[in-house]
Visitor: 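The structure's right below; bear with me while I get my questions together.
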Amino acid sequence: MDLIYKKLRENAKIPTYGTEFSAGADLYACIDEDLEILPGETKFIPTGISMAIPQGYGGFIYARSGLACKRNLAPANKVGVIDSDYRGEVMVALNNFGKSAQIITPNERIAQIVIAPFLKVNFVEGELDDTVRGSGGFGHTGKN
């Protein structure tokens with residue numbers, strides 16, 4: 001599938017896949033100088049690109065595992081959602097969940113985007129069928 005993108009700044013890097021079978025393409029920080037994110041702080045990091053996500057698909061922005069696990073940096077909203085009718089710049093709301101300041105450098109990989117189909121449904125009020133699980137949730141089985 002081809003996805004049309006537009007560079008909004010000369011130094012923007014297009015998303016790239018790390019391996020042949022990667023589900024997510026890396027998004028890069030389009031900044032001119034190092035950017036500090038203090039503990040507990042969220043900064044909106046520009047990518048310098050916009051894209052035309054096809055109708056029936058969404059762009060889902062996830063954390064990069066290395067940044068999240070090693071440096072406590074992850075999208076503030078956990079998973080960002082880009083709708084197919086959005087044409088503005090792709091931004092990553094990067095939060096520092098750690099206890100020390102972190103530096104983002106120009107063209108650093110800051111998140112990953114997965115383009116995936118979704119189902120649009122009509123919400124219809126009615127009676128729900130019974131299941132064995134019922135309303136049990138959030139650890140109802142007692143298993144870790």
Side-chain angles (χ1 to χ4, degrees), residues 1-126 128-129 131 133 135-144:
M1 168 189 293
D2 291 334
L3 191 141
I4 306 296
Y5 72 92
K6 180 179 180 180
K7 273 188 166 186
L8 303 174
R9 295 184 209 148
E10 184 79 25
N11 60 336
K13 287 188 70 169
I14 65 167
T16 60
Y17 291 98
T19 69
E20 179 183 359
F21 299 108
S22 295
D26 291 325
L27 294 172
Y28 296 85
C30 187
I31 53 179
D32 295 323
E33 57 190 32
D34 289 356
L35 178 70
E36 182 179 48
I37 306 177
L38 299 174
E41 185 176 39
T42 297
K43 293 255 176 113
F44 287 86
I45 315 294
T47 64
I49 61 168
S50 59
M51 54 183 68
I53 296 170
Q55 188 176 359
Y57 290 80
F60 302 94
I61 297 177
Y62 295 97
R64 292 196 67 254
S65 58
L67 281 184
C69 296
K70 297 175 184 174
R71 294 177 54 198
N72 295 305
L73 293 171
N77 52 346
K78 308 302 182 221
V79 177
V81 178
I82 303 173
D83 299 314
S84 65
D85 58 349
Y86 178 68
R87 293 297 183 269
E89 182 173 11
V90 174
M91 304 286 284
V92 176
L94 205 55
N95 185 271
N96 182 348
F97 293 97
K99 295 181 178 165
S100 61
Q102 295 293 321
I103 303 295
I104 298 298
T105 59
N107 290 320
E108 182 174 352
R109 296 176 297 165
I110 55 170
Q112 57 184 322
I113 187 167
V114 174
I115 307 299
F118 64 88
L119 297 175
K120 189 118 183 195
V121 300
N122 296 315
F123 291 91
V124 179
E125 187 174 6
L128 306 181
D129 58 333
T131 67
R133 181 176 181 169
S135 62
F138 295 106
H140 78 285
T141 64
K143 298 176 184 176
N144 289 336

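Basis for what follows: all heavy atoms, side chains included, without hydrogens, waters or symmetry-related copies. Quick caveat, the model's predicted, so the values are computed rather than measured.
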Visitor: If you compare all heavy atoms of S22 against all heavy atoms of G18, which two are closest, and at what distance to 0.1 Å?
Guide: OG-N, 3.6 Å
Visitor: Would you mind reporting whether D34 and P106 have side-chain heavy atoms less than 4.5 Å apart?
Guide: yes
Visitor: How far does CD1 of I104 sit from CD of E36, to the nearest 0.5 angstrom?
Guide: 11.0 Å
Visitor: Check F60 against V79 and note the closest heavy-atom contact, atom names and distance.
Guide: CB-CG1, 4.2 Å
Visitor: Taking the side chain as every heavy atom from C-beta outward, state whether R87 and S50 have any pair of such atoms under 4.5 Å apart.
Guide: no
Visitor: How close do Y28 and T16 get, heavy atom to heavy atom, and via which atoms?
Guide: OH-OG1, 2.5 Å
Visitor: So, for E89 and T47, which heavy atoms are closest and what is the spacing to 0.1 Å?
Guide: OE2-N, 3.5 Å
Visitor: Any chance you could measure R9, atom CZ, to I49, atom CD1, to the nearest 0.5 Å?
Guide: 11.0 Å
Visitor: Can you give me the closest heavy-atom contact between P117 and Y57, atom names plus distance?
Guide: N-CD2, 3.5 Å
Visitor: K43 and side chain to side chain contact (heavy atoms under 4.5 Å, CB included): which partner among I31, L35, L94?
Guide: L35
Visitor: How long is the span from the CD1 atom in I37 to the CG atom in N95, to the nearest 0.5 Å?
Guide: 8.0 Å
Visitor: State, to 0.1 Å, how close N96 and L38 come at their nearest heavy-atom pair, and which atoms those are.
Guide: CB-O, 3.3 Å
Visitor: For P39, does its backbone N or O pair with a side-chain atom of K99 as donor and acceptor, under 3.5 Å?
Guide: no
Visitor: If I take atom CD1 from residue I45 and atom SG from residue C30, how far apart are they, to the nearest 0.5 angstrom?
Guide: 11.0 Å
Visitor: Between K7 (side chain only) and A12 (backbone N and O only), is there a donor and an acceptor less than 3.5 Å apart?
Guide: yes
Visitor: Quick one: side-chain contact (heavy atoms from CB on, under 4.5 Å) partners of L3, sequence neighbours excluded?
Guide: M51, I53, P54, I115
Visitor: Under 3.5 Å, which donor-acceptor pairs do the side chains of residues 68-75 form with other protein atoms, sequence neighbours left out?
Guide:
from: R71; atom 1: NE; to: Q102; atom 2: OE1; distance (Å): 2.9
from: R71; atom 1: NH1; to: E108; atom 2: OE2; distance (Å): 2.6
from: R71; atom 1: NH2; to: I103; atom 2: O; distance (Å): 2.6

Visitor: As an exercise, state the distance from CG of N11 to CG of D32, rounded to the nearest 0.5 Å.
Guide: 5.5 Å
